[in-house]
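Input: a single structure, listed below in structure tokens.
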Amino acid sequence: MYMSKIFDEFKEYIEETNNLDHASTLLYWDMETSMPAEGFKGHSDALAYLSTETFKRSTSEKMGDFLEKLSAKEEFDALDSDWQYIVREMKKNYDEDKRIPADFYKEYIVAQNESGVAWQEAKKKNDFSIFAPHLEKMIKMTAQMAEYKKPGMDVYDALLNQYEEGMDSATYDRVFNSLKEGLLPLLNKILAAKPFDDSKFKQKYDISSEKAVEKFLLDYIGFSFDKGCTGETEHPFTLNFNSKDVRVSNHFGEDDAIDPMFSAIHEGGHAIFEQNVAEKLDGTAGGSCEYLGLHESQSRFYENILGRNINFWKPIYSKIQELQPEFKDITLEEFYRYINSVRNSLIRTSADEVTYCLHVIVRYEIEKEIFRNHVPVSELPALWNKKMEEYLHITPPTDSEGILQDMHWSDGSFGYFPTYLLGTIYDGMYIEAIEKDLGSIDKVLEEGRIKDITKWLNEKIHRFGSTRKPGEVIQAVCGREVSAEPILKYFKEKYTQIYNL
Ligand code: ZN
């Protein structure tokens with residue numbers, strides 16, 4: 001490939017920045033997984049220093065100069081398509097960041113921190129009024145931030161675009177509405193059916209067995225332990241340095257052995273994506289998937305579409321019983337019904353795959369009310385409860401179990417929630433595409449060939465990292481625009497059978 005002097009220097013500059021980033025990532029991982037309590041100050045000071053340095057480098061005049069020169073026609077045309085993507089992307093981010101006045105940015109960070117503290121207190125005390133003024137400020141400042149970054153774009157569309165580039169509220173409206181219309185009658189039928197007896201699952205589980213199951217499942221679905229490792233945290237997450245080092249965490253407890261299994265499969269799905277991005281993209285703006293909906297489509301595909309399919313467990317259930325002997329008296333059929341129980345519950349993070357969709361739709365519709373219709377903050381708890389009653393037939397007894405349950409709005413992450421559901425909607429579309437190439441997913445799973453599916457996803461989605469936008473991925477993989485119809489079909493078929501509807 002042609003390499004100019006400026007391109008060489010640019011690459012070196014990025015590599016230096018990556019080294020700082022690498023150290024920050026390791027500090028963060030250590031902080032979350034193994035740092036002793038009193039090590040906090042040392043770690044957070046070092047982390048603050050390193051991230052300030054990284055930020056300075058990526059917004060420096062020197063960086064602006066590199067991007068300017070490399071965007072000039074002659075230099076740009078000489079780049080290969082990956083580097084063209086990287087330069088274009090970095091230039092776009094650089095210009096967006098440059099439009100934010102430094103004073104405003106500082107004020108925003110302070111407001112975010114204060115709002116986070118207020119949210120925690122409000123949730124603990126079940127008192128929305130503690131959080132309300134901060135929420136109001138975050139709404140105002142986040143809208144302002146969106147205007148700086150994407151001038152001329154509708155504010156809510158700009159926010160949505162931050163998390164899933166290319167998706168606007170018109171698309172979200174179309175797919176969410178059709179999903180909602182199909183799902184509400186299905187849910188009503190399920191709720192009217194006889195619930196499963198889950199008494200067998202209420203027992204004490206051995207934690208070291210849970211950890212052995214986690215390792216087994218990660219390996220089974222295609223997570224590479226040569227390019228990753230595991231840790232323990234309060235909330236499970238995935239962290240990547242580059243495609244050669246991707247780490248997942250999990251939370252274990254003796255009251256529940258199922259949750260850690262599905263967290264392992266979920267985070268495993270995120271990690272498999274990152275482990276399989278093409279090596280040549282490592283350390284660049286294309287080297288990690290930055291689209292949250294697309295990312296979530298991978299974790300949820302493994303967790304729900306594959307992991308909650310009975311055929312996933314057929315080849316391995318006796319192994320699971322061996323590793324976690326508490327399952328000895330639970331049949332595969334009972335296990336399968338338990339992991340697919342549908343309940344209208346209050347909390348999004350512990351919801352089943354059907355009601356989960358409606359939890360997200362509640363949040364999406366409220367965000368639209370906030371940014372389009374400017375509904376006053378004081379009216380939001382009642383609006384939340386009204387929608388919960390309407391869709392899930394359940395009214396939160398407290399705001400802590402209602403509008404205060406998630407932290408996202410406290411730091412201004414408006415437009416984030418919808419990506420969770422978009423991932424599920426993409427998943428329905430992948431089912432069709434995979435079955436066209438590999439035949440019935442049930443059969444592939446039953447024969448213990450899940451890694452064939454992993455390979456398919458590597459080839460069609462993972463290796464591109466961020467260089468293909470979500471809309472392009474869906475077009476390339478599924479050959480049509482995003483639609484809720486396949487996932488709706490999946491829900492209907494699956495739950496009609498499970499609940500004998
Ligand atoms: Zn996830």
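Atoms within each ligand, like the ligands themselves, are counted from 1 in listed order.
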Review point. Would Leu457 and Thr454 satisfy side-chain contact (heavy atoms from CB on, under 4.5 Å), going step by step from the backbone distance to the final call?
Key: CA-CA 5 Å; Leu457 294 167; Thr454 296; 5.6 Å; no

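- Under the 6.0 Å cut-off for aromatic ring centres, Phe414 and Tyr163 do not qualify, their centroids lying 6.0 Å or more apart.
- Within the structure, side-chain hydrogen bond (donor to acceptor under 3.5 Å, both in side chains) pairs that include any residue of residues 477-486 comprise Glu432-Arg480 (at least two apart or interchain).
- Here the N, O or S atom of His266 that is nearest to the Zn ion (ligand 1) is NE2.
- Among the atoms of Glu296, an N, O or S atom falls under 2.8 Å of the Zn ion (ligand 1).
- Residues in residues 207-231 take part in these salt bridge (Lys or Arg N to Asp or Glu O under 4.0 Å) pairs, two or more places apart or across chains: Lys211-Glu232.
- Checking His295 against the Zn ion (ligand 1), every N/O/S atom stays at or beyond the 2.8 Å cut-off.
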